[in-house]
Number of protein chains: 2
Amino acid sequence: MNAPLTAASPLLTLDVGLRALFAPRLAGDAGAGWAHAPGGRSKVSGMDDPTPSSNIADTIFRDLRRQILVGELAAGQRLPGERDLASTYKTNRNTLREAVRKLEQARLVTVRHGQGVTVSDFKKTGTMDLLSPLLEAGGSLHEVIHILEDILPAREQVLEFATRMAVRRADRSDIERLTGITDLLITAFETKDGALIGKGFHRWLEALIDTGHSTAIRWIANPFLDAYRDLLEKYPALWVLEGSFPTYLRETINALADGDEERAILASRKYYQRVDREFVGLLKSVIQPEAQPQP
Amino acid sequence: MNAPLTAASPLLTLDVGLRALFAPRLAGDAGAGWAHAPGGRSKVSGMDDPTPSSNIADTIFRDLRRQILVGELAAGQRLPGERDLASTYKTNRNTLREAVRKLEQARLVTVRHGQGVTVSDFKKTGTMDLLSPLLEAGGSLHEVIHILEDILPAREQVLEFATRMAVRRADRSDIERLTGITDLLITAFETKDGALIGKGFHRWLEALIDTGHSTAIRWIANPFLDAYRDLLEKYPALWVLEGSFPTYLRETINALADGDEERAILASRKYYQRVDREFVGLLKSVIQPEAQPQP
DNA sequence: ATGGCTGAGCTGGTTCAACCAGTATGGCTG
DNA sequence: CAGCCATACTGGTTGAACCAGCTCAGCCAT
């Protein structure tokens, strides 16, 4: 890659992460440092349930979804009949149908009475909801990298938009909340513990999005946050955190407090362009190792 | 509103559309002028099925979804048991469960074995998939307008991003396709037939998004296109088309052909800021008629 | 020979009646 | 009073039967 990194600010754990990304699941949890703050949420318990999903229908749903997302079941192809599928999965038709209903709702198949179930072309008709399951499905390396390359600029757009709205609509309590998380996060950054920082950054992003006070932003950002969280759980060591990470956080907070929209956008753009450039470069060097540059 | 409209370019059918938006469904179809082009699609038949949805489970799903989206079922609230719900809807438990599976997949409820079904806070945890059903559900006027005000800038961001990627990645065939649709559309614009223009514009947007050759863009844009199409079907006369519409189309195409990214973005930004400003102004004047400006 | 009807056999849609399995709760027991 | 446990909720699973839309082979009439 063209732009050399400052020796003092290497990409944190990136190559470890890349190796982990396509390797069996890693165990490990980096302590309870980022437990939920006692926010004003209702009795909604939060997303800290381990979700064992011993659910048969759900298991089948996930399996079929995976098969579709990695291309084992191609678009336009017809699924076996419900009776056949049920016996394949050693269950009954009712349970199997629940799985099919979920596939249908996820736009992965279309069901027509008398004609069977056909796989949809999810690349055409899907939505960002598929991002997390797609990364989780882990198709071919090439495929995943292509999708990621595609997603990264979109993510940057979303983040810029979220940042913009946050600057416009932040109130005092938003800024306090974000400042608090930022301080914790910068402290955590010193530990170089990828999983811990990852969780903290997730909270930071959530707070930033909340600060926009916009349902639209939340809805756009949620699939990205989901994908982030899922990947974080699977590959705690993955997170690409460039050396300027604390600077980015501070710049954003300061611009937020000053109401300086352009400065906040600039900080975001600068940071993510850096990170993404490195990330894409590394991804490409995984595909074509001969093109790998000298450090 | 501050900026007066040029007398020669009134908002096409806007107040008719606003009236229609909160009135019973209008009938009418503006001819087959926008039939699908014989594209290279596989056997996927397209989205021109009337979708009668006589499906019981789906009907229940839609009804419960509507109740949740308009707030009749509040977040955190528990649904009646499956046995009760089944008898309420005069059906059996299996069919009802299929509806609940869809609600679960749509993130509108969470189901926990032994504890029942609870309504989720979709404003926090939802995704853009909910946009179309939310508008369809038609909650309080105030609510819908608030959401729309929130969505419009997001839509503009998405369109700008789509435009940007289209300019970067357009090839000759993309430009030919878009030019063809543009010519048709501008001709159709003379007819002032809202439904016809609406359909044509939908095709134009699809072509623009295809031109980006990016799965990410498609996935982000799809919920917006869905909402657009659904509203178009329900309120054929709605579409807000400002007088500069043909100019916007031409500018975009020309910039695309020249590879001039900034010019394309500028055309998009200028046009949608105009349209959205008028739209929001009108929406607000519906809420507070006393604030309505003089023409 | 050709056109249209018809029924057999696919598909998903719906119903029923049981039973299995988590979760809360209140009353009983130590 | 503390702790257990029967019980009565909740959703999860099962299997069988039947209803309904669709396709197509094959028959019948033109």
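Chain naming here is simple, since letters A, B, ... match the order of the sequence lines and numbering starts at 1 in each. Since this is a predicted model, take the numbers as computed values, not measurements.
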Would you compute the distance between atom CD of B:Q77 and atom CD of B:E72 and round it to the nearest 0.5 angstrom? 10.5 Å
Can you tell which of D:dG12, D:dG11, C:dT15 lies closest to the side chain of A:N55? D:dG12
Paired with D:dT30 by Watson-Crick or G-U wobble geometry, both distances under 3.5 Å: which nucleotide is it? C:dA1
Any strand, both distances under 3.5 Å, Watson-Crick or G-U wobble: C:dG30 pairs with D:dC1
Is any side-chain nitrogen or oxygen of A:T91 closer than 4.0 Å to OP1 or OP2 of D:dT14? yes
For A:E82 and D:dA16, give me the distance from atom CD to atom C1', rounded to whole Å. 15 Å
Calculate the interatomic distance between A:D84 atom CG and C:dG9 atom C1'; express it in whole Å. 14 Å
Expressed in angstrom and rounded to an integer, what is the separation of A:L85 atom CG from D:dG15 atom P? 16 Å
Nearest-angstrom distance from the residue atom CZ of A:R93 to C1' of C:dC10: 12 Å
How many whole angstroms separate atom NE2 of A:H113 from atom P of D:dC19? 13 Å
Considering residues at least two apart in sequence or located in another chain, which fulfil the salt bridge (Lys or Arg N to Asp or Glu O under 4.0 Å) criterion with A:R177? A:D210
Are any of A:N94's side-chain N or O atoms less than 4.0 Å away from OP1 or OP2 of D:dT13? no
Contact list please: residues 97-106 of chain B against DNA chain D, heavy atoms, distance less than 4.0 Å, in numerical order. B:R97, B:R101
The salt bridge (Lys or Arg N to Asp or Glu O under 4.0 Å) partners of B:D63 (sequence neighbours excluded) come to B:R66
Side chain to side chain donor-acceptor pair (under 3.5 Å) assessment of B:T118 paired with B:T110: CA-CA 5 Å; B:T118 59; B:T110 63; 2.8 Å; yes
side-chain contact (heavy atoms from CB on, under 4.5 Å), paired with A:F122, selected from A:V109, A:T127, A:I68: A:I68
Separation of A:L79 atom CG from C:dT11 atom P, in whole Å? 12 Å
May I ask you to verify whether the side chain of A:R112 and the base of C:dG13 hold a donor-acceptor pair under 3.5 Å? no
Using a 3.5 Å distance criterion without hydrogens, assess whether the side chain of A:D150 forms a donor-acceptor pair with backbone atoms of B:T215. yes
Rounding to a whole Å, what distance do you find between A:L96:CG and D:dG12:C1'? 15 Å
Between D:dG12 atom P and A:I56 atom CD1, what is the distance in whole Å? 11 Å
NE2/B:H202: more than 12 non-hydrogen atoms of other groups inside 6.0 Å: yes
In terms of the nearest nucleotide of DNA chain D, which residue is placed more toward the 5' end: A:R83 or B:Q115? B:Q115
First of B:G116 and A:N92 reached from the 5' end of DNA chain D, by closest nucleotide: B:G116
